[in-house]
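Being a predicted model, the structure only gives us computed values, none of them experimental.
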Amino acid sequence: MMARRIGIYPGTFDPITLGHMDIIERGAKLVDELIIGVTTNIAKSPMFDDDERIAMVEREVARIESDSIRVVGFNSLLMDFAEQMDAGIVIRGIRGVTDFEYEYQLTGMNRQLNDRIETVFLMADVELQPIASRLVKEIAFYGGPIDKFVTAKVREDVETRVREQGRKGG
């Protein structure tokens, strides 16, 4: 019997975008089980707390017809989390050269920590490449439309949070 291929797609998903959803759907086809690892990046200040982001990701991935996707929150080194989940693959989305340079360095560091876990890069769909959670939040805080970048429910979540925190600009 072949071992199950377990993959992890880690991120902050603050908020989850159509680009993330594209990588999730495509990544799920490469493994027997895909774990969406929702974490907090200490270099970022999230719009949504951990529980809100996990619930948002769970709600969005429930639309995908697959029994092999699950969402798990984590707050540790990615390689430790991957080992804990028995994952042999980390899936990362790449939008462009800047992402590749960062991911290349991160992958090298992760291989130093655990060389049994492979990283697989998936190029974002051409139409989704410009989408970044950071930019979605910025557009929303200045009152711009974000419906081309996120689902309707995520748009509602973001707009509600913007109303709570206050819009920027005039």
Side-chain angles (χ1 to χ4, degrees), residues 5-31 33-66 68-74 78 81-82 85 87 89-107 110 117-162 168:
R5 288 175 312 194
I6 300 172
I8 292 182
Y9 178 43
T12 51
F13 305 103
D14 185 48
I16 187 168
T17 68
L18 296 177
H20 292 130
M21 292 298 293
D22 175 57
I23 298 298
I24 291 168
E25 289 178 30
R26 291 169 45 218
K29 295 174 186 173
L30 302 176
V31 293
E33 180 181 8
L34 181 62
I35 298 167
I36 313 304
V38 180
T39 189
T40 299
N41 183 332
I42 59 173
K44 300 178 183 179
S45 53
M47 174 182 266
F48 299 97
D49 68 29
D50 294 353
D51 292 336
E52 290 171 322
R53 287 182 289 109
I54 290 167
M56 186 184 300
V57 172
E58 286 176 334
R59 181 189 70 217
E60 295 303 310
V61 300
R63 298 181 308 117
I64 300 171
E65 291 186 30
S66 174
S68 64
I69 300 173
R70 66 181 166 125
V71 180
V72 178
F74 75 102
L78 175 57
F81 177 64
M85 297 288 111
I89 299 169
V90 171
I91 295 174
R92 301 294 294 174
I94 302 284
R95 292 175 299 217
V97 175
T98 305
D99 280 355
F100 179 77
E101 289 176 358
Y102 171 75
E103 294 293 343
Y104 181 80
Q105 182 179 22
L106 190 61
T107 298
N110 284 337
I117 299 173
E118 291 294 334
T119 300
V120 174
F121 298 119
L122 291 179
M123 292 300 298
D125 182 279
V126 171
E127 298 206 2
L128 302 174
Q129 282 179 0
I131 301 174
S133 295
R134 172 182 53 83
L135 297 175
V136 168
K137 290 185 286 192
E138 186 173 330
I139 291 167
F141 271 118
Y142 283 97
I146 60 170
D147 51 325
K148 292 181 182 177
F149 314 121
V150 297
T151 65
K153 290 296 288 172
V154 172
R155 179 184 51 79
E156 290 173 18
D157 294 340
V158 171
E159 288 175 350
T160 298
R161 186 54 45 93
V162 167
K168 310 287 187 236

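Side-chain contact between R59 and D157: present, with at least one pair of heavy atoms (C-beta onward) separated by less than 4.5 Å. Side-chain contact check for R53 versus T40: some heavy-atom pair is nearer than 4.5 Å. Side chains of F149 and I139 form a contact here, defined as non-hydrogen atoms less than 4.5 Å apart. Side-chain atoms of K148 and I131, non-hydrogen and from C-beta on, never get closer than 4.5 Å to each other. Side-chain atoms of M56 and K153, non-hydrogen and from C-beta on, never get closer than 4.5 Å to each other.
In this structure, T107 and F121 approach most closely via the heavy-atom pair OG1-CZ, 3.4 Å. Looking at every heavy atom in both residues, T17 comes nearest to S133 through CG2-OG, 3.6 Å. Considering every non-hydrogen atom in both V136 and V150, the closest pair reads CG1-CG1, 4.1 Å. Nearest heavy-atom pair, V57 versus V38, reported as atom, atom and distance to 0.1 Å: CG2-CG2, 4.1 Å.
In this structure, R92 contributes its side chain and P10 its backbone to a donor-acceptor pair below 3.5 Å. Checking side-chain atoms of R26 against main-chain N and O of L122 turns up no donor-acceptor pair under 3.5 Å.
Note on ring orientation: taking the six-membered ring where Trp is involved, the planes of H20 and F13 are perpendicular (angle over 60°, cut-offs 30° and 60°).
Salt bridge present: D14 and K137 bring a charged side-chain N and a carboxylate O closer than 4.0 Å. A salt bridge links E33 with R70: at least one charged nitrogen is closer than 4.0 Å to a carboxylate oxygen.
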